[in-house]
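Here is the structure we will look at, set down as structure tokens.
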Amino acid sequence: MRSGTGIGTVRRRLHHSDVGCIRSENYETSGLDGLDEPLLGKRDYDDKHSEGRVMEEIWDDERKKEQLHWTLLFSNLIAQWAQWIANLVFGSGSFIVRHIPLLSNTKNRSNPKLIVPTLSPLQEERLRNLQQRLGVPFDGSRVDHQDALKLLWRLAYPDRELPPLKSELWKDMGWQGPDPSTDFRGGGFISLENLIFFAKKYLESFQSLLHKQDGNRADWEYPFAVAGINISFMLTQMLDLQSGKPSSLAGIRFLKLLGEDEMAFDDLYCVAFQMMDAQWLVKRASYMEFNDVLKSTRTQLERELSLEDVSTVKDLPAYNLLRR
């Protein structure tokens, strides 16, 4: 049942037994175990799909959904075309191969390891700074971390009163419980910084995803804040940032972006979040399918990063989905 079926749609919260998994405090072992029990409360979207909604608004939503679908489809086609060209070049033994990183022998063909190019001093410095950020866990007892959480609330809800750090109101943002500090685990403090960056730089997209304003939403939606933490963790894994130097194809390509922009990781996070929501709508997904949607988002992002004409995050086809 979709959320557009009427005002009286009854929503329920999924419990651990519904998901068929057990909460694990070791976040790194699964990578995607942060979504244990999201809040599935009523959103602003329900009001927009009441029986009194005017026809003009309905057509506007349909146009937005169609545009989102074709943008994502076009992005996929470009990435697949680029991959075909790359396969042709590698297979032909062309001299061009000498000018790009060579594939090393590896048993895991789905995650090929490449020869890491020599980094410039600027790239080394920015990579070191990023890895230091990744190493900072969220600490609810630190005043600066508490202040960052309060800032996120003010950015998300500028017209609402700031609640205590432990309050049921935090669930409105998509935290699993009244204490957001218990949701960070493997995401670390950088996942909170990513959300704040998203809200500051791409406010329209941030608000749209927070309030689930685009497309026909599921009854059991993904929780916004916890989804954001999962995306931060997914990017860290995909870009191989926990090793000394990234050696995955996506990681090596990211080093190029990092050389152009110190905040490339944060911008890429915003692209990934918007891309994930676009995949969510195209697949007409619900809560139980979040992990599958996140995996397909990672695959699509890896394809776009492999495009040869991508020098900055803004060159990614999916960047066009973002709205300020």
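In this chain, residues are counted from 1 in sequence order. Just so we're clear, the structure is a prediction, and the values are computed from it rather than from any experiment.
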For M173 and L152, the nearest pair of non-hydrogen atoms, with its separation, is SD-CD2, 3.6 Å
Any Y269 side-chain heavy atom under 4.5 Å of L195 side chain: yes
Check: Q131 side chain, L241 main-chain N or O, donor-acceptor pair, under 3.5 Å: yes
All heavy atoms of T297 vs all of A272, minimum pair found to be CG2-O, 3.7 Å
Output, in order, the C-alpha distance, side-chain angles, deciding distance and verdict of side-chain contact (heavy atoms from CB on, under 4.5 Å) for L305 and L316. CA-CA 7 Å; L305 283 170; L316 295 169; 4.2 Å; yes
Measure across M238 and A250 and return the closest heavy-atom pair with its distance rounded to 0.1 Å. O-CB, 3.8 Å
What I'd like to find out is whether the side chain of S306 reaches to under 4.5 Å of the side chain of R253, using heavy atoms alone. no
Heavy-atom side-chain proximity of W175 to P223 below 4.5 angstrom: no
Within the structure provided, determine whether Q274 and S208 are in side-chain contact (heavy-atom separation under 4.5 Å). no
Between A278 and L321 the two heavy atoms that sit nearest each other are CB-CD1, 4.2 Å
Determine whether more than 12 heavy atoms belonging to other residues, nucleotides or ligands lie under 6.0 Å from atom CD of E161. no
Shortest non-hydrogen contact from L155 toward L203: O-CD1, 4.3 Å
Worked check of side-chain contact (heavy atoms from CB on, under 4.5 Å) between L130 and F254: CA-CA 12 Å; L130 177 57; F254 172 72; 3.7 Å; yes
Spell out, as yes or no, whether a donor-acceptor pair under 3.5 Å connects the side chain of D315 to the backbone of T312. yes
Rounded to the nearest 0.5 Å, what separates atom NE2 in H145 from atom CD in E193? 7.5 Å
For A285 against A218, the heavy-atom pair lying closest together: O-CB, 3.3 Å
Take R160 and D172 through the side-chain contact (heavy atoms from CB on, under 4.5 Å) test and state the conclusion after the steps. CA-CA 12 Å; R160 293 177 61 177; D172 293 351; 2.9 Å; yes
Quick one: do L122 and V313 end up in the same hydrophobic cluster if we chain Ile, Leu, Val, Met, Phe, Trp and Tyr together by side-chain heavy atoms under 4.5 Å apart? no
How long is the gap from CZ on F206 to NE2 on H211, to the nearest 0.5 Å? 8.0 Å
Nearest 0.5 Å, please: how far is CG in L255 from CD in Q123? 6.0 Å
Taking K200 first and then D266, would you say they form a salt bridge - that is, a charged N and a carboxylate O separated by under 4.0 Å? no
How many angstroms lie between atom NZ of K150 and atom CD of Q146, to the nearest 0.5 angstrom? 6.0 Å
Mark yes or no for whether Q207, through its side chain, and A156, through its backbone, hold a donor-acceptor pair below 3.5 Å. yes
Got L192 and I229 here, is their nearest side-chain heavy-atom distance under 4.5 Å? no
Straight-line distance of L239 CG to L249 CG, nearest 0.5 Å: 11.0 Å
Looking only at side-chain N and O atoms, does E289 offer a donor or acceptor that is under 3.5 Å from a partner on W280? no
Where do N194 and L235 land on the side-chain contact (heavy atoms from CB on, under 4.5 Å) test, with the steps shown first? CA-CA 11 Å; N194 292 154; L235 284 179; 6.0 Å; no
S167 side chain to P164 backbone, donor-acceptor under 3.5 Å: no
Are any side-chain N or O atoms of E260 and backbone N or O atoms of L257, one a donor and one an acceptor, separated by less than 3.5 Å? no
For F224, which of F198, F273, W170 qualifies under ring-ring contact (aromatic ring centres under 6.0 Å, His included)? F273
Heavy-atom donor-acceptor pair, D183 side chain to Q176 backbone, under 3.5 Å: yes
Among R217, K283, K212, R323, the one residue meeting salt bridge (Lys or Arg N to Asp or Glu O under 4.0 Å) with D277: R217
At what distance, to the nearest 0.5 angstrom, does CZ of F265 lie from CG of L127? 11.5 Å
Do F197 and M263 have side-chain heavy atoms sitting under 4.5 Å apart? yes
Donor + acceptor pair across side chains of S243, D240 (<3.5 Å): yes
Does this structure show an ion pair linking R128 with E124, if we count only N-O contacts that are shorter than 4.0 Å? no
Within-4.5 Å side-chain heavy-atom neighbours: K201 and I196: no
Whether R126 side chain and L258 backbone form a donor-acceptor pair below 3.5 Å: yes
Pair E168 + K171: basic N to acidic O under 4.0 Å: yes
Is the closest side-chain heavy-atom distance between D179 and L165 below 4.5 Å? no
